[in-house]
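Here is the structure we will look at, set down as structure tokens.
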2 protein chains.
Amino acid sequence: MALEERRVTVANEKKIDQVILGLLSHESLTGYEMKKRIDTMLKYFWSASYGSIYPALNILEKEGLVSKCETKENGRDKIIYTITDEGKIHLKEWLELPVVKDELRYETMLKLFFGCEVGKNITLTHIQNFEDKIKSELPYLQGAVNTLSHLQEEDTHKYYMLTAMFGEKVYKAYLEWCEEARKVLDGVENE
Amino acid sequence: MALEERRVTVANEKKIDQVILGLLSHESLTGYEMKKRIDTMLKYFWSASYGSIYPALNILEKEGLVSKCETKENGRDKIIYTITDEGKIHLKEWLELPVVKDELRYETMLKLFFGCEVGKNITLTHIQNFEDKIKSELPYLQGAVNTLSHLQEEDTHKYYMLTAMFGEKVYKAYLEWCEEARKVLDGVENE
DNA sequence: TGGCTCATGTAATCTGTTACATGATTCT
DNA sequence: AGAATCATGTAACAGATTACATGAGCCA
């Protein structure tokens with residue numbers, strides 16, 4: 001087979017595009033505001049950096065999936081992005097496709113799995129750090145579920161609430177596991 | 001500032017190295033066997049492809065963190081890797097460091113969060129697919145917890161069990177959430 | 001006046017996956 | 001005989017982070 005005939009068909013997912021389009025389907029936003037939304041509302045199951053958001057916005061604009069409006073608010077330069085009809089179609093098409101893969105990379109679990117090499121005390125520290133972080137974040141999540149369950153009007157909130165409920169449920173399971181994990185380690189000697 | 005003075009200090013994590021060293025701290029393995037271990041035992045919180053495993057093994061060998069032994073078993077060529085003392089030190093150092101970040105990317109939750117754009121039926125399908133996958137994997141996890149809890153001897157098993165318990169706990173929380181999510185969607189019209 | 005938040009962006013590079021490639025052995 | 005599994009590997013590329021860079025407005 002000739003070299004130039006070789007077909008390269010690497011999948012093109014680029015979920016940051018879908019995250020941006022999704023956020024813009026709710027309301028028009030600046031890149032900076034998108035990052036804020038991701039770090040608060042999506043935090044429990046997604047993350048993104050400015051280094052992926054801003055370049056993606058430029059590409060999406062060139063492709064006509066979003067439109068931009070450069071303004072000045074409170075003396076500050078802002079670029080407010082709005083989803084276009086084409087963008088909405090693009091988003092819908094993706095939403096209708098089945099989920100390809102949920103990707104989990106719990107570094108904490110990795111350190112526990114190989115924990116035997118360093119012993120019980122260090123493992124207990126990892127569990128403690130994990131628990132502290134979850135405990136500090138859980139109240140925000142519970143607050144969100146509570147607030148959203150009282151906002152009966154807009155359906156958008158219901159979908160948001162599903163994910164907040166997911167976070168709450170999973171976080172509580174994490175905390176239960178922390179308790180049980182410590183019990184298991186009671187019967188293990190340190191190194 | 002001169003260009004050549006500019007300091008580039010991008011963090012060097014490369015967790016595949018730690019995964020390999022961790023697996024080898026339990027027993028000597030081929031790259032192929034490592035992939036198997038990852039796809040069964042670590043599956044619930046980690047994943048890796050041959051395309052990351054094999055190149056990493058070559059680098060680790062050059063760095064002296066693992067040693068290789070080329071053999072023939074059942075007429076099959078194999079390269080069995082063993083962790084070196086230096087490799088054990090490297091692994092221990094990493095295990096002692098605090099966890100930097102657990103990275104979660106639930107594509108399912110992303111599709112739910114923006115679900116309003118495509119409506120209830122599609123969202124219910126995503127929930128169903130999620131539930132089916134979890135239900136099919138849960139028994140393996142429960143079996144692992146059961147088996148491991150009876151193996152009292154080796155401490156290594158206890159650490160493995162912690163992660164299996166984690167998987168079981170979280171998977172059960174997932175299933176509970178699926179039920180509740182459907183109830184929430186009962187009160188929502190389709191599109 | 002100094003530090004924080006708002007706001008946008010780029011260059012380097014890291015880390016990993018996907019698709020391709022190859023070939024032997026074992027099972028049915 | 002053919003399919004599945006065992007076994008190792010590479011080239012191309014995807015997709016993202018990190019660190020750097022810049023500058024204005026707000027608050028104490």
Side-chain angles (χ1 to χ4, degrees), chain A residues 1-20 29-40 46-61 66 68-81 100-101 103-105 107 110, chain B residues 1-20 29-40 42 46-61 68-81 100-101 103-105 107 110:
Chain A
M1 194 203 294
L3 252 184
E4 56 266 49
E5 275 185 73
R6 190 174 154 196
R7 184 133 305 227
V8 177
T9 31
V10 173
N12 185 17
E13 270 285 316
K14 250 204 149 196
K15 301 218 194 73
I16 185 66
D17 288 354
Q18 314 300 343
V19 172
I20 289 171
L29 297 165
T30 67
Y32 189 80
E33 287 167 333
M34 290 176 203
K35 170 74 170 149
K36 283 278 135 87
R37 296 281 187 287
I38 295 166
D39 288 347
T40 52
W46 208 265
S47 61
S49 64
Y50 289 123
S52 68
I53 294 169
Y54 286 115
L57 281 169
N58 280 317
I59 294 166
L60 287 170
E61 203 258 331
V66 305
K68 64 165 141 179
C69 168
E70 289 170 64
T71 58
K72 193 166 270 214
E73 249 174 60
N74 309 103
R76 273 195 177 99
D77 286 328
K78 281 187 180 202
I79 304 173
I80 299 169
Y81 290 90
V100 176
K101 201 173 189 287
E103 280 179 68
L104 315 181
R105 286 171 116 84
E107 195 188 321
L110 218 45
Chain B
M1 197 201 292
L3 251 183
E4 56 266 49
E5 275 185 72
R6 191 174 153 194
R7 185 133 302 228
V8 177
T9 30
V10 173
N12 185 17
E13 270 285 316
K14 248 203 151 195
K15 302 220 193 71
I16 185 65
D17 289 353
Q18 313 300 343
V19 172
I20 290 172
L29 297 165
T30 67
Y32 190 81
E33 288 167 331
M34 290 176 202
K35 169 77 169 147
K36 283 276 134 86
R37 296 281 187 290
I38 294 166
D39 288 348
T40 52
L42 308 192
W46 209 265
S47 62
S49 63
Y50 290 123
S52 67
I53 294 169
Y54 286 114
L57 281 170
N58 280 318
I59 294 166
L60 287 171
E61 202 258 333
K68 65 165 140 180
C69 168
E70 289 170 65
T71 58
K72 193 167 269 216
E73 249 175 59
N74 309 102
R76 271 195 178 98
D77 286 329
K78 282 187 180 202
I79 305 173
I80 299 170
Y81 290 91
V100 176
K101 201 174 188 290
E103 281 179 67
L104 315 180
R105 286 170 118 83
E107 195 188 320
L110 218 46

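A note on names: the letters A, B, ... follow the listed sequences, proteins ahead of strands, and every chain is numbered from 1.
In this structure, A:W46 atom CH2 and D:dT17 atom P are separated by 10 Å, rounded to whole Å. What separates CD1 of A:I59 from P of D:dA14 is a distance of 11 Å, to the nearest Å. Atom pair B:I53:CD1 and C:dT17:C1' shows a separation of 12 Å (rounding to whole Å applied). Summarising the geometry, the separation between CE on A:M34 and P on C:dC6 is reported as 16 Å, rounded to the nearest angstrom. Taking atom CG on B:L60 and atom P on C:dT15, their separation rounds to 13 Å, with Å as the unit. D:dG9 atom P lies 8 Å from atom CG of B:L57, rounded to whole Å. If you measure from atom CD of A:E70 to atom C1' of C:dG9, you get 13 Å, rounded to the nearest angstrom. A straight line from CG of A:D77 to P of D:dG23 spans 13 Å, rounded to a whole angstrom.
The side chain of B:Y32 lies closest to D:dT8, out of D:dA16, C:dT17, D:dT8. With distances taken from any side-chain atom of A:K78 to the nucleotides D:dG9, D:dC6, C:dA7, the minimum falls on C:dA7. Of the candidates C:dC6, D:dG15, D:dT17, the closest approach to any side-chain atom of A:K36 belongs to C:dC6. Candidate nucleotides C:dA7, D:dG9, C:dG16 were compared by shortest atom distance to the side chain of B:S52, and C:dG16 ranks first. Comparing C:dT17, C:dG16, D:dG15 by their closest approach to the side chain of A:K14 singles out D:dG15. Considering only the side chain of A:Y81, C:dG9 comes nearest among C:dT17, C:dT15, C:dG9. Here the side chain of A:T30 is nearest to one of C:dT8, C:dT18, D:dC6, namely C:dT8.
Counting non-hydrogen atoms under 4.0 angstrom, A:G51 reaches a base of the nucleic acid.
With hydrogens and angles ignored, the 3.5 Å screen pairs no side-chain donor or acceptor of B:K35 with any backbone N or O of B:S49.
Residues satisfying the side chain to side chain contact (heavy atoms under 4.5 Å, CB included) test with B:Y32, not counting sequence neighbours, are B:T30, B:K36, B:Y50, B:Y54. Remark: A:N58 engages A:K68, A:Y81 in a side chain to side chain contact (heavy atoms under 4.5 Å, CB included) (not counting sequence neighbours).
Applying the 4.0 Å criterion to OP1 and OP2 of C:dG9, one finds that A:Y50 has every side-chain N and O outside that range.
Scanning both residues, A:G31 and A:L57, for their nearest heavy atoms gives CA-CD1, 3.8 Å. Contact detail for A:I80 and A:E73: the closest heavy-atom pair is CD1-OE2, 3.8 Å. When every heavy atom of B:D39 is checked against every heavy atom of B:A48, the shortest pair comes out as OD1-O, 4.4 Å. A:I20 approaches A:I53 most closely through the heavy-atom pair CD1-O, 3.9 Å. Contact between B:W46 and B:V19 at its shortest, heavy atoms only, is NE1-CG2, 3.7 Å.
Residues B:K101 and B:E73 each lie close to DNA chain D; by heavy-atom proximity, the contact nearer the 5' end of the strand is made by B:E73.
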Collect all protein-nucleotide pairs involving nucleotides 23-28 of chain C in which both atoms are nitrogen or oxygen and the distance is under 3.5 Å.
{"residue": "C:dT25", "atom": "OP1", "partner": "B:G75", "partner atom": "O", "Å": "3.3"}
{"residue": "C:dT25", "atom": "O2", "partner": "B:R76", "partner atom": "NH2", "Å": "3.2"}

